[in-house]
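Each remark here refers to the structure printed beneath this line.
First the proteins, then the strands, lettered A, B, ... as listed; each starts at 1. Note that the structure is predicted; figures quoted are calculated from it, not measured. No hydrogens, no waters, no symmetry mates; every other heavy atom, side chains included, goes into these values.
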Amino acid sequence: MTPPAGRYDPQEAEPRWMARWLDSGVLTADPASGKPPYAIAIPPPNVTGVLHMGHALNNTIQDALIRWRRMAGDETLWICGTDHAGIATQVMVEKQLASEGTDRHALGREAFVERVWEWRENYGGQIIGQLQRLGCTLDYSRERFTMDERYAAAVQRVFVDLHDKGHIYRDRYMVNWDPGLRSAISDLEVEDREVTDELVSIAYPLIDGDGELVVSTVRPETMLGDTAAAVSPKDERYADLVGRRCRLPLVGRELPIVADDYVDPEFGTGALKVTPSHDPNDFEIARRHDLPAVDVIGEDGRMTADAGERYAGLTPAEASARVVADLDEQGLLRGREPYTHSVPFSHRSGARVEPLRSLQWFCDMDALAAPAITAVEDGSVRFVPANWGNVYLRWMNEIRPWCVSRQLWWGHRLPVWYRGDEIHVGLEAPEGEGWEQDPDVLDTWFSSALWPFATLGWPQETPELATFYPTNVLSTARDIIFLWVARMVMMGIEYMGEPPFSEVNIHSVVQAPDGRRMSKSLGTGIDPLELIEEHGADALRFGLLHMSSTQDVRFNAGSVQQGRALVTKLWNASRLVTERGGRVQAQAPTPELLADRWIVSRVASFVEEANALVADFKLSAFADGLYHLVFDDYCDWYLELLKGGQASVDVAAYVLEQLLALVHPVMPFMTEEVWAAIPGSAGMMLTHPPARAPGPRDQHAELAVARLQEGVRALRGFRTDRQLPPRTPLVVGGPGLAELPDEATAVDAFTPDGSTDGAGGAVVGLSYGQLHVRVEGADPGEDRAAERSRIGSEVERARAELARAEGKLANEKFVDRAPADVVESEREKVRRYTEELSALEQELSDMDGAS
RNA sequence: GGGCGGUUAGCUCAGUUGGUAGAGCACCUGCUUUACACGCAGGGGGCCGGCAGUUCGAGUCUGUCACCGCCCACCA
């Protein structure tokens with residue numbers, strides 16, 4: 001390797017290093033290595049997916065954690081794979097078919113499924129390659145797919161087992177029907193949107209005697225399926241109607257009038273029409289009052305024959321218009337007004353969800369949830385930040401049955417067999433003729449729930465499973481806590497006896513710069529791959545970690561540029577060090593010079609800090625700390641001292657190596673490139689031991705350099721105030737000089753004044769004493785006015801500080817009740833500023849005397 | 001309707017247990033100092049959303065209001 005020279009080119013270097021990591025075999029976990037295991041299961045991206053900013057952030061976090069632990073000596077496994085994503089994938093292929101002028105029904109189920117597999121072969125899983133572009137060190141040798149044969153077998157087995165245990169059952173129940181998809185969807189796949197409908201009031205004539213009951217509805221067409229009317233039992237207006245009957249207009253059916261607590265007397269007329277088949281509330285009312293149900297909207301999203309000849313076949317919207325018109329004609333319309341309310345829509349197809357009764361398979365969650373609740377309560381699963389644990393618990397405590405069957409073709413087909421009225425749940429069809437398998441498939445999330453153990457070979461007792469289950473960390477944004485995280489915890493406990501991970505890191509959602517959601521359809525997406533092209537993956541990784549926290553953040557291009565600056569900075573720093581003969585020594589050098597002891601101490605303290613930050617997933621603070629350690633400590637001060645001959649190049653090289661090790665989990669590519677270029681280096685940063693410092697922190701060195709920095713800054717400030725060019729040679733004396741390390745002359749141009757009475761000229765106040773400063777060779781009498789005003793402002797500042805401290809101390813309550821050390825520090829300030837003031841005033845009077 | 005989170009420098013965000021507000025970018029002033037202009041040095045800029053409390057002391061704790069965002073929820 002040649003020493004670093006010229007510019008660093010991420011586009012050239014990054015793919016080269018990814019190939020080397022892959023070739024090294026290091027990414028393939030060895031369950032038998034005997035090293036402490038550390039595993040993360042990637043949230044499997046959809047097989048149809050392309051890398052978006054959320055993936056980029058989440059996987060950068062996971063990769064940084066994996067690399068951190070790998071360097072620390074753990075046997076790391078980052079489980080790799082993709083999700084078959086039932087709906088998304090089926091829709092994708094259906095679109096393709098549509099462009100060819102055909103559809104899945106024309107193709108038939110078997111050919112369609114084959115077509116999806118073909119699609120996956122040709123176009124699927126490109127995101128895996130994109131993760132490599134990001135530098136992710138997944139175990140690609142163990143890539144899994146949720147439709148793999150072995151994985152599918154695990155899914156079937158769980159379904160059968162949950163059925164045998166009585167948790168999975170079949171029921172005709174109210175489901176969220178997605179007419180676009182023509183499938184049931186789960187509660188979690190429904191989103192509410194505000195919609196303005198029309199609230200229509202309809203008169204239902206009473207059967208015996210005069211009068212009518214007026215009900216209000218936003219879905220007039222569903223009245224065709226009414227089987228009752230309901231009022232509140234507390235409503236005196238209707239007390240005498242309860243138990244009587246009314247006639248359903250247009251249909252003619254006689255309806256009982258029931259009293260039910262669900263009805264709010266304050267709303268509308270206080271009377272409700274009851275449509276058990278098409279409203280979840282009415283469904284419940286019907287159960288309580290043992291009412292029949294009439295399905296008037298079918299799974300095709302159109303009115304059924306039971307809706308009556310006049311309406312059958314219409315869409316609900318068409319039927320609604322016709323119903324209203326017909327009622328109007330019969331004089332039964334009692335009111336129409338616009339009404340805004342929230343309406344369920346399918347998250348997947350965007351269609352308005354049609355609640356209807358349907359024969360589906362459900363999983364009762366109560367028994368599965370109980371131990372999963374305990375796991376979070378007792379800390380076996382720890383959410384970071386902790387607040388998300390409460391969100392999880394609130395949902396889990398009110399968990400409802402999960403509709404797991406989907407009327408799709410792409411997915412895990414239910415292991416359920418029918419013959420006439422017979423139902424068999426099992427891995428295979430029972431003996432005998434005529435059994436047919438249920439055409440439905442399972443909710444994609446049902447299979448995802450098994451991810452942390454099905455990927456490791458369960459139900460076989462594989463070495464991978466034995467070594468790497470449970471995994472350590474699950475990292476995700478908050479949007480899939482219920483859909484996925486909670487279900488993994490439940491299934492993990494049910495089938496492995498313990499939760500699938502001990503920590504859940506919930507990270508930021510990265511928003512568009514304008515605060516909107518990043519989305520392709522809104523046009524607000526920013527393509528991480530383009531950023532990689534432009535700035536390199538290292539810069540993007542740093543930027544994402546640095547800008548993110550536990551809070552949602554707007555995408556901040558500046559952070560990526562900061563990352564890029566850090567790449568360049570380290571690259572150039574390594575050039576300086578190697579140009580000066582820096583090389584990797586067999587043994588760690590012993591720091592002796594002040595600057596060496598200081599930088600080593602700084603590294604030691606940051607290593608300590610970094611361990612705590614990474615353990616708490618505070619990767620933003622970690623990235624920020626890296627930036628400042630490299631820029632401020634190493635480059636701005638330490639390397640300047642090195643250039644001034646005040647540091648050892650061996651230590652400089654040694655510390656550079658430690659910096660590379662610290663930075664590597666965040667910026668893996670550049671750190672490899674730099675490391676390889678340092679003479680004497682061996683091996684890859686990928687498996688380099690973690691950063692360390694040869695020795696403990698050195699308080700004396702840290703204090704001395706802090707004084708050096710303060711002194712040098714004061715001298716630079718002095719020049720600025722006097723409008724002198726930088727590095728104007730100065731002569732410095734005064735009481736503070738003894739505390740100002742000699743090394744300061746290496747980073748700034750000044751001459752310590754050997755005379756005992758100081759250097760004359762200006763007085764510069766420091767926390768450790770005054771410095772007397774004058775411009776070398778200049779007449780002390782010059783610039784007297786400027787100097788006077790400068791001293792004047794210093795006096796002003798010192799007086800203000802003094803007044804503040806004295807004010808506090810004058811407050812008896814403060815002196816009484818504040819902690820002793822706080823009071824003492826105020827007293828110290830009084831002493832210091834008093835001293836400084838008298839020196840400044842002396843200075844002023846000396847000037848007066850001289851003039 | 002419930003719950004959660006946010007409101008800090010022009011912008012994007014940090015602020016550990018309450019003890020005189022920080023970073024990056026942007027801005028201003030100087031620097032073509034042979035590692036680096038993706039740089040160096042210096043600087044300006046904030047009643048920490050409003051109000052009221054607790055406290056010797058509040059960006060930090062409590063209450064309340066306002067606005068923004070998210071989640072959950074069966075009022076036609």
Could you list the residues that satisfy side chain to side chain donor-acceptor pair (under 3.5 Å) with A:Arg219, not counting sequence neighbours?
A:Glu221, A:Glu354
Nearest-Å distance once atom P is located in both B:A41 and B:G59:
32 Å
Under 4.0 Å between any heavy atoms, over every strand shown, what does A:Ser559 touch: base, sugar-phosphate, or nothing? Just pick one.
nothing
Could you tell me whether A:Arg831 and A:Glu828 make a salt bridge, using a distance below 4.0 angstrom between a side-chain N and a carboxylate O?
yes
Looking at the side chain of A:Val553, which of B:C13, B:G5, B:G19 is the nearest nucleotide?
B:C13
Which part of the nucleic acid, if any, lies within reach of A:His628 when heavy atoms closer than 4.0 Å are counted: base, sugar-phosphate only, or nothing?
sugar-phosphate
No-hydrogen, no-angle side-chain donor-acceptor test under 3.5 Å, A:His347 and A:Glu191
yes
List for me each residue that meets side-chain contact (heavy atoms from CB on, under 4.5 Å) alongside A:Arg713, sequence neighbours excluded, and say none if there are none.
A:Trp637, A:Gln709
Which residues share a salt bridge (Lys or Arg N to Asp or Glu O under 4.0 Å) with A:Asp261, sequence neighbours left out:
A:Lys234
Say you pick atom P in B:C25 and the same atom in B:G39; how far apart are they, in whole Å?
7 Å
So, using ring pair (Phe, Tyr, Trp, His ring centres under 6.0 Å) as the criterion, who are the partners of A:Phe814 when residues are at least two apart?
none
Atom CG of A:Asp748 and atom C1' of B:C31 are separated, to the nearest Å, by 14 Å
Which parts of nucleotides 69-76 of chain B does protein reach within less than 4.0 Å, heavy atoms only, written one letter per nucleotide 5' to 3' as B for base, S for sugar-phosphate only and - for none?
-SSSBBBB
Contact class for A:Pro819 (heavy atom, under 4.0 Å): base, sugar-phosphate, or nothing?
base
For A:Asp721, which contact category applies under a 4.0 Å heavy-atom criterion: base, sugar-phosphate, or nothing?
nothing
OP1, OP2 of B:C13 versus side-chain N and O of A:Ser620: anything below 4.0 Å?
no
Taking atom C1' in both B:C48 and B:U8, compute the distance separating them and give it to the nearest angstrom.
4 Å
Should A:Lys273 and A:Asp279 count as an ion pair when the cut-off is N to O under 4.0 Å?
no
Determine the interatomic distance between P on B:A52 and the same-named atom on B:U16; round to the nearest Å.
25 Å
All side-chain contact (heavy atoms from CB on, under 4.5 Å) counterparts of A:Glu806, not counting sequence neighbours:
A:Leu802, A:Val830
Spacing of the P atoms in B:G24 and B:G43 (rounded, Å):
13 Å
Review item, nucleotides 20-22 of chain B N/O atoms under 3.5 Å of protein N/O:
from	atom 1	to	atom 2	distance (Å)
B:U20	O2	A:Arg804	NE	2.8
B:U20	O2	A:Arg804	NH1	2.6
B:U20	O2	A:Arg804	NH2	2.7
B:U20	N3	A:Glu801	OE1	3.2
B:U20	N3	A:Arg804	NE	3.4
B:U20	O4	A:Glu801	OE1	2.7

A:Ile599 side, atom CD1; A:Leu639 side, atom CG - distance, nearest 0.5 Å
8.0 Å
Listing for RNA chain B: consecutive Watson-Crick or G-U pair runs of at least 3, distance cutoff 3.5 Å, ranges ordered by first number, gives B:1-7 with B:66-72, B:10-13 with B:22-25, B:27-31 with B:39-43, B:49-53 with B:61-65
Only counting residues at least two apart or in another chain, list the ones meeting side-chain contact (heavy atoms from CB on, under 4.5 Å) with A:Arg357.
A:Arg172, A:Met174, A:Ser277, A:Phe283, A:Ala293, A:Asp295
Looking at A:Asp197 and A:Arg352, is any side-chain nitrogen of the basic one under 4.0 Å from a carboxylate oxygen of the acidic one?
yes
Partners meeting side chain to side chain donor-acceptor pair (under 3.5 Å) with A:Thr728 (sequence neighbours left out)
none
Looking at OH of A:Tyr627 and CD of A:Gln562, how far apart are the two atoms once the value is rounded to the nearest 0.5 Å?
4.5 Å
Listed by chain and number, what are the side-chain contact (heavy atoms from CB on, under 4.5 Å) partners of A:Arg400, not counting sequence neighbours?
A:Asp187
Readout for nucleotides 35-43 of chain B: B = base within 4.0 Å of protein heavy atom, S = sugar-phosphate only, - = neither; 5' to 3' it is BB-BSSSS-
